[in-house]
Amino acid sequence: MLEIKNLYGGYGDTDILKDINISIKKGSFCGLIGRNGAGKSALLKTICSLLKPSKGEIFIDGQNTAALSKIDLAKKIAFMPQTLEPSFDFTVKEFLTFARFPYMGIFKIPSKKDDEAIDKILDFMDLKNFAQKSINELSGGERQKVSIAQIIAQDADILIFDEPTAHLDIGAQYAILQILKDLNENLCKTIIASLHDLNSAGEFCKELILLDDGQIKKHGSAEEVLNYQDIEEAYQTRVIVKTNPISNKPYVIPVIIP
Amino acid sequence: MKSKILFIYICLPLSLAVVFVFSLISGSSDISFIEVFKSLFSDGISDNALIIKSIRLPRIIMAMTVGAGLAVSGCIFQAVLKNPLAEPFTLGISGGASFGAAIAFVFGLASNLFVLPLFAFSGSLLAVFIVYILSMKKRFDSNSMLLSGVIISYVFSSAVMLLFAISDASRMQAAFMWMIGNFSSFDERLLPMVALINISGVIILCLIANIINVISMGSDKSKSLGLNVNAAIKIVFIIASFIAAASASACGVIGFVGLMSPHIMRRFVGANHIYLIPSSALFGAIFLPFCDTISRIIAAPVILPVGVITNMAGGVFFITLLLKGRNNA
């Protein structure tokens, strides 16, 4: 259970986020949507304590995150940044091993247990053949998959993804979202992901949060959030909302009024 | 993959031993291999024993510790700044050492072989301090650190030019020789101090290699893995700076070792700092005494500054790297 109370915050001295109050149940798959600059990344980073809130509190299972040590927090909540920063030629396996950092001893030497955990994840993510490949040789989709594998290796209950499907083709997008769905349904992880594609957000997420100008405009099921009034206001674009005949979920198409 | 790393780790210590012996027996006075070992383990005070024990041996050990230190500090700066061009030189540390040394030379304090390193050491720490202050506001963002390092280098090098312009030529010559970097004139009392700083620094950095791995992934990622990034960067940066400053204070500005060693080793053992840091240290400890010995014998009896040799080797190395990279593309 993740609870955010009266949260204000942002990157510098000015608050982007204003009076955020959310509670997300354990085992939810929550999609965060909103315009560029609405504060999606800022909110996700504040939840992970990468940004310090100027006011307000965040609770995980009733514990205030500000009172947790960095290591303890890293065992509860994992964060996947929007892009993998360009880095040295680590192999995929080495890269995944870094996620075991919170569990390593004082000299941070990976143990046999860490090694086994990584092998399991390589299996689960179907990445066995990539284990000794350099992370810089991978395609965009493969990179994202490795990034997700790293998040799994951190073994936290709450997984936070900042635009996991950015810059991917629709096939790769759906593959990534399917993995998130598997993590949610089979490994019982709580997932919070910011997404730009409203339609896949509606298809995959159990609940959606629409962020507008640093405030929560709407929080609820896809049917509740994806209505044309709120979407038009939040994105300042004319849209029509229809129902997908197969899944019965809403989908959104922008329209040009001649 | 693993066997390749093992192979490298067998080759490096062997090469280190070979270079050690090679450096001991080479030189302008002709001493045979057997005599070298005789004099090394005897208490005699023959001429040969004197040359071996009090001239060649300290020089080789100094070159080894400085080589290892420079290689590791370059490796650390590249990891922390996430930039393959980072090294003591690009961070202004070498510039600071030159500036400190130039002051000592110009004001005639350099004749005391203990004052000169002190000035050079303070100069490098001053440079580190300024870079630190300048990039503190930007939260140690790697670009701003590198940029402030380059700026500091320029400022210090023009200050050095200014000092040269107003001083007389004889002092300039000595200062210039120092700045190219050489092992011909260090005070023997410096050796234990430099060795202590460099060896203990290198050992600490080898032990925390996995922390350095995590730092190199960028601050968002390393923070979310529970690392106190700012504190870790500060500590690692300070250790690497001390190593670089101690090295520069003993033997001047020796280029390319810090930049090149990690690059070469990355090709053999990969990017994982658990393997990279110790192997870079060994590479530096092999490469620098080797270059130093070459500098002693190539134009004997004239001893060239070792910096000339390392810079030439480095230049050739980077041109090859560039051409090879183009072929791959």
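Below, chains carry the letters A, B, ... as their sequence lines are ordered, and counting in each starts from 1.
Under 4.0 Å is where a charged nitrogen must lie from a carboxylate oxygen, and between D220(B) and K45(A) at least one such pair does.
Neither the backbone nor the side chain of I160(A) comes within less than 4.5 Å of any heavy atom of chain B. Interface remark: S219(B) contributes backbone atoms only to the contact with chain A (heavy atom separation under 4.5 Å). In this structure, the portions of P102(A) lying under 4.5 Å from any heavy atom of chain B include both its backbone and its side chain. Proximity to chain B (any heavy atom under 4.5 Å) is shown, for L73(A), by neither the backbone nor the side chain. Only the side chain of I151(A) comes within contact range of chain B, with heavy atoms under 4.5 Å apart.
With chain B as the partner, the residue from M104(A), K70(A), Q154(A) showing the most heavy-atom pairs under 4.5 Å is K70(A). In terms of heavy-atom pairs under 4.5 angstrom with chain A, the leader among I211(B), N83(B), I274(B) is I211(B).
Expressed to the nearest 0.5 Å, how far CZ of F88(A) lies from CZ of R266(B) amounts to 4.5 Å. Considering OG of S222(B) and CZ of F101(A), their distance stands at 8.5 Å, rounded to 0.5 Å. With rounding to the nearest 0.5 Å, the separation of NZ in K221(B) from CE in M80(A) is 8.0 Å. One distance of note links CG of N213(B) with CZ of F95(A); it measures 11.0 Å at 0.5 Å rounding. Atom-to-atom distance recorded for N272(B):CG and T97(A):OG1 is 8.0 Å, nearest 0.5 angstrom.
By a heavy-atom distance cut of under 4.5 Å, K223(B), S224(B), L225(B), G226(B), L227(B), N228(B) are the residues of residues 223-235 of chain B near chain A, going up by number.
Within 6.0 Å of OH on Y11(A) lie more than 12 heavy atoms contributed by other residues, nucleotides or ligands. Applying the 6.0 Å contact sphere to CZ of F90(A) captures more than 12 heavy atoms from other residues, nucleotides or ligands.
Side chains of Q150(A) and M217(B) form a contact here, defined as non-hydrogen atoms less than 4.5 Å apart.
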